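Worksheet for the structure shown next.
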Amino acid sequence: MNEIVVNGERYVKATEQTTDWVIIRTYSAGVHFGVLKRREGKEVELTNARRIWYWDGAASLSQMAVDGVSEPENCKFSVVTPSIILTEAIEIIPCTDKAVKIINGVKEWKL
């Protein structure tokens with residue numbers, strides 16, 4: 001349980017975030033995970049980036065950024081690319097240390 005009530009006030013446990021690691025949702029290039037190197041308006045540059053083609057074990061990108069995925073063997077995450085520039089980022093979600101460890105542990109999906 002991550003919350004308590006004291007004198008009628010609800011308190012929720014804060015989650016640790018690694019601000020460098022993010023999940024990016026783009027307008028037309030899909031979902032990506034990596035280290036945020038640069039952001040200028042809608043353009044972002046990621047290093048150590050992976051395209052998130054398919055995931056299982058998280059209800060949303062928000063949950064994936066907090067908890068990772070609970071079914072990593074079913075996920076399709078690309079190989080790691082040294083760098084990628086995405087020109088239509090519409091959502092930037094910081095990831096927790098827990099999520100980073102799990103996402104980085106997903107086997108690379110390749111043919």
Side-chain angles (χ1 to χ4, degrees):
M1 178 180 243
N2 289 327
E3 64 182 62
I4 61 171
V5 176
V6 177
N7 296 328
E9 291 290 324
R10 181 173 159 248
Y11 296 90
V12 179
K13 181 180 176 181
T15 58
E16 280 189 44
Q17 291 186 341
T18 303
T19 56
D20 293 338
W21 288 92
V22 295
I23 292 174
I24 304 287
R25 184 168 63 99
T26 69
Y27 179 73
S28 59
V31 176
H32 300 261
F33 165 78
V35 177
L36 182 61
K37 180 177 180 180
R38 177 182 58 82
R39 175 183 176 218
E40 294 177 19
K42 290 183 180 181
E43 184 174 289
V44 297
E45 183 177 359
L46 296 179
T47 59
N48 298 312
R50 300 181 78 179
R51 186 180 308 265
I52 305 297
W53 185 259
Y54 173 83
W55 73 88
D56 190 11
S60 66
L61 296 177
S62 299
Q63 183 182 4
M64 189 189 310
V66 173
D67 296 330
V69 292
S70 63
E71 303 292 334
E73 65 280 358
N74 297 333
C75 294
K76 293 180 178 180
F77 297 175
S78 75
V79 298
V80 176
T81 58
S83 178
I84 189 168
I85 295 173
L86 304 165
T87 59
E88 291 291 325
I90 57 176
E91 188 172 22
I92 301 171
I93 310 170
C95 294
T96 64
D97 292 336
K98 174 185 174 183
V100 169
K101 182 177 181 181
I102 291 169
I103 294 169
N104 276 327
V106 172
K107 183 179 174 184
E108 290 183 341
W109 177 59
K110 58 185 175 179
L111 299 177

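Being a predicted model, the structure only gives us computed values, none of them experimental.
Taking the six-membered ring for Trp, Trp21 and Phe33 have ring centres closer than 6.0 Å.
Proximity of Leu46 to Val35: side-chain heavy atoms (C-beta onward) are nowhere separated by under 4.5 Å. Counting heavy atoms from C-beta outward, Asp67 and Lys98 have side chains that approach closer than 4.5 Å.
Using modelled atom types, one finds a donor on one side chain and an acceptor on the other under 3.5 Å when comparing Glu45 with Ser83.
With values rounded to the nearest 0.5 angstrom, Glu91 atom CD is found 9.0 Å from Ile24 atom CD1. Distance check, rounded to the nearest 0.5 Å: OG1 of Thr87 to CD of Glu40 gives 12.5 Å. For the atom pair CD1 (Ile102) and CE (Met64), the distance works out to 11.0 Å, reported to the nearest 0.5 Å. Put simply, OG on Ser78 and CD on Glu108 are 7.5 Å apart, with the number rounded to the nearest 0.5 Å. Atoms CD1 and CH2, from Ile23 and Trp55 in turn, are 8.5 Å apart once rounded to the nearest 0.5 Å. With values rounded to the nearest 0.5 angstrom, Leu86 atom CG is found 7.5 Å from Arg51 atom CZ.
Counting only distance, with no hydrogens or angles, the side chain of Thr26 and the backbone of Glu88 share no donor-acceptor pair below 3.5 Å.
Under the 4.0 Å criterion applied to side-chain N and carboxylate O atoms, Glu43 and Arg38 are assigned as salt-bridge partners.
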